[in-house]
Amino acid sequence: MSLTAQGREIVGLTGLQGSGHLAVLDAVCGRARPSAGSVRLPDGRSSRSARHAVTKGVAYISVTARAAG
């Protein structure tokens, strides 16, 4: 899979349960390491942690965020 987002772009990823979309998001957001391949953030580095991803403008909003307020 290849995904490129340009600056100031908002990108969403969705899929059916079990399709792997949450695993991809976890890797992009630094919440998990990919089992293969790599994730590169705007600074050209791998997504090392959720904190690093956030400093580069990457965020994860779960489906339960609405319930949390």
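All residue numbers refer to positions in the sequence shown, counting from 1.
Annotation: salt bridge (charged side-chain N to carboxylate O under 4.0 Å, His left out) contacts involving residues 50-61, sequence neighbours excluded, comprise Asp43-Lys56. Within the structure, every pair that satisfies the side chain to side chain donor-acceptor pair (under 3.5 Å) test and touches residues 27-37, not counting sequence neighbours, is listed here: Asp26-Arg31.
Looking at every heavy atom in both residues, Gly37 comes nearest to Pro34 through O-CG, 4.0 Å. Val28 and Ala53 get closest at one heavy-atom pair: O-CB, 4.1 Å.
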Which donor-acceptor pairs under 3.5 Å do side chains of residues 7-20 form with protein atoms, sequence neighbours excluded?
residue : atom : partner : partner atom : Å
Glu9    : OE1  : Gln6    : N            : 2.7
Ser19   : OG   : Leu16   : O            : 2.8
Ser19   : OG   : His21   : ND1          : 3.1

